Colleague: 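What follows is a structure written as structure tokens; I'll ask about it next.
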Amino acid sequence: MTQMVRPRGLVIAVDGPAGAGKSTAAQAMAAMLGLLYLDTGAMYRALALKALRRDVDVCDGAALAALLADTAIVLQRTDDGRSQVLLDGDEVSAQLRSPEINATVAEVARHRAVREEMVRRQRTLAVAGGVVMDGRDIGTHVLPDADLKFYLTASLDARARRRQADLAQLGYTVRFEQLREEILQRDFVDAGRPHHPLQQAADAIVIDTTSQEVSRVVEQMVARCRQRLAR
Ligand code: CDP
């Protein structure tokens with residue numbers, strides 16, 4: 001009897017620092033290619049939110065790991081194509097982008113036990129393929145065998161300006177200089193942490209988004225994916 005072997009769907013990794021435009025571009029690309037968009041930063045943000053709510057010390061890795069073991073985080077797409085995050089069943093997407101979470105999340109993500117469990121969950125989500133996964137360590141550690149890897153970057157000022165606009169949309173007014181400082185600090189923690197820091201994979205396609213419209217960035221990414229699919 002012949003067995004049908006279904007090839008795994010395309011697996012795409014998108015990494016880069018805060019505000020480089022990863023999530024906007026990755027989400028648009030996933031929609032154009034009919035792939036599922038998975039925002040791993042949202043998983044760390046969800047744990048940070050729960051820790052703040054429960055008053056769990058974000059410097060205590062063991063306490064955070066215990067909290068995570070008892071936490072359900074679901075990434076899903078609504079019927080109209082938006083990404084949503086459910087934390088223990090409640091929709092928390094907007095709350096995950098608050099200045100408090102921005103200031104706390106990198107500390108939460110620094111702990112080895114937290115990262116190991118998050119990576120385990122992320123690999124499970126990607127097992128069937130057909131995904132675009134966005135984060136800091138996707139191409140280097142979570143999905144090193146991804147079919148395509150992108151690394152998005154942009155100048156610090158461009159990143160701070162974008163973040164200011166994102167926050168304004170959510171109703172937060174934050175000074176540009178303060179955001180610039182916070183992003184620098186988060187880059188510093190992300191790039192310097194001992195367990196799988198922010199790094200560019202050797203085989204990543206690097207795109208500097210500083211002076212490019214999102215649509216142009218997405219176009220380049222989709223074109224690369226189509227080339228890959230045609231092989
Ligand atoms: O949207 P933005 O680029 O600001 O951040 P994010 O992708 O939501 O990630 C928030 C934080 O989670 C990062 O600054 C990292 O500290 C952490 N993170 C991580 O450690 N590993 C990932 N794969 C994704 C996010």
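Throughout, numbering of the chain's residues begins at 1 and tracks the sequence. Since the structure is predicted, the reported quantities are computational estimates derived from the model, not experimental observations. First listed ligand is number 1; within each ligand, the first listed atom is number 1.
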Colleague: Does the side chain of Asn102 pick up a donor-acceptor pair with the side chain of Arg163 at under 3.5 Å?
Modeller: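 Short answer, no.
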Colleague: With no hydrogens and no angle check, do the side chains of Arg162 and Thr209 hold a donor and an acceptor under 3.5 Å apart?
Modeller: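 Looking only at side-chain atoms, Thr209 and Arg162 do form a donor-acceptor pair, the distance falling under 3.5 Å.
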Colleague: To which protein heavy atom is atom 12 (O) of ligand 1 closest, and what is the distance rounded to 0.1 Å?
Modeller: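 Closest protein heavy atom to atom 12 (O) of ligand 1: Val105 CG2, 3.5 Å.
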Colleague: Indicate, as side chain, backbone, both or neither, the part of Arg115 found under 4.0 angstrom from ligand 1 when only non-hydrogen atoms are considered.
Modeller: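 Side chain only.
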Colleague: Looking only at the side chains, is there a donor atom on one of Gln95 and Arg53 sitting less than 3.5 Å from an acceptor on the other?
Modeller: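 The answer is yes; a qualifying pair exists.
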Colleague: With a cut-off of 4.0 Å, which atoms of ligand 1 are near a heavy atom of Gly19?
Modeller: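 The atoms of ligand 1 under 4.0 Å from a heavy atom of Gly19 are 3 (O).
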Colleague: Give the residue, atom name and distance (to 0.1 Å) of the protein heavy atom nearest atom 7 (O) of ligand 1.
Modeller: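 Its nearest protein heavy-atom neighbour is Arg136 NH1, 3.1 Å.
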Colleague: How about CZ on Arg112, more than 12 heavy atoms from neighbouring residues, nucleotides or ligands closer than 6.0 Å, or not?
Modeller: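 Not buried by this count: 12 neighbours or fewer within 6.0 Å.
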Colleague: Starting from atom 16 (O) of ligand 1, locate the nearest protein heavy atom and write down its residue, its atom name and how far away it is, to 0.1 Å.
Modeller: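 Minimum-distance protein heavy atom for atom 16 (O) of ligand 1 reads Asp190 OD1, 2.5 Å.
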Colleague: Any side-chain donor-acceptor pair under 3.5 Å between Gln178 and Glu182?
Modeller: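 Their side chains do contain a donor-acceptor pair, which is all the 3.5 Å distance test asks for.
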Colleague: Give the residue, atom name and distance (to 0.1 Å) of the protein heavy atom nearest atom 4 (O) of ligand 1.
Modeller: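 Looking only at protein heavy atoms, the one closest to atom 4 (O) of ligand 1 is Arg163 NH1, 2.6 Å.
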Colleague: Hey, does Arg193 come in under 3.5 Å of ligand 1, counting only N/O atoms on both sides?
Modeller: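 For ligand 1, there is an N or O atom that lies under 3.5 Å from one belonging to Arg193.
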Colleague: Which protein heavy atom lies closest to atom 25 (C) of ligand 1, and at what distance to 0.1 Å?
Modeller: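 Ranking protein heavy atoms by distance from atom 25 (C) of ligand 1, first comes Gly41 CA, 3.5 Å.
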Colleague: May I ask you to list the atoms of ligand 1 that are less than 4.0 angstrom from any heavy atom of Arg97?
Modeller: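 Within the 4.0 Å cut-off of Arg97, ligand 1 contributes 1 (O), 8 (O).
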Colleague: Verify the cluster assignment for Tyr44 and Val92: are they in a single hydrophobic cluster under the rule of side-chain heavy atoms below 4.5 Å apart?
Modeller: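 The answer is yes; both residues are in one hydrophobic cluster.
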Colleague: Quick check on side chain to side chain contact (heavy atoms under 4.5 Å, CB included): which of Ile138, Val132, Val142, Val131 does Leu38 satisfy it with?
Modeller: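 The passing option is Val131.
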Colleague: So does Arg121 have more than 12 non-hydrogen atoms from other groups sitting under 6.0 Å from CZ?
Modeller: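 Count over threshold, so yes.
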Colleague: To which protein heavy atom is atom 17 (C) of ligand 1 closest, and what is the distance rounded to 0.1 Å?
Modeller: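 Ranked first by proximity to atom 17 (C) of ligand 1 is Ala109 CB, 3.7 Å.
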Colleague: For ligand 1, which is the ligand I care about here, please tell me if Lys22 has any N or O atom under 3.5 Å from one of the ligand's N or O atoms.
Modeller: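 N/O-N/O distance under 3.5 Å: yes.
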Colleague: Quick one: nearest non-hydrogen protein atom to atom 18 (N) of ligand 1, plus distance?
Modeller: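 For this ligand atom, the closest protein heavy atom is Tyr44 CD1, 3.6 Å.
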Colleague: For atom 24 (C) of ligand 1, grab the closest protein heavy atom and report residue, atom and distance to one decimal in Å.
Modeller: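 For atom 24 (C) of ligand 1, the nearest protein heavy atom comes out as Thr40 OG1, 3.3 Å.
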Colleague: Going by heavy atoms in the side chains, are Ser83 and Arg77 under 4.5 Å from each other?
Modeller: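 Sidechains of Arg77 and Ser83: no contact.
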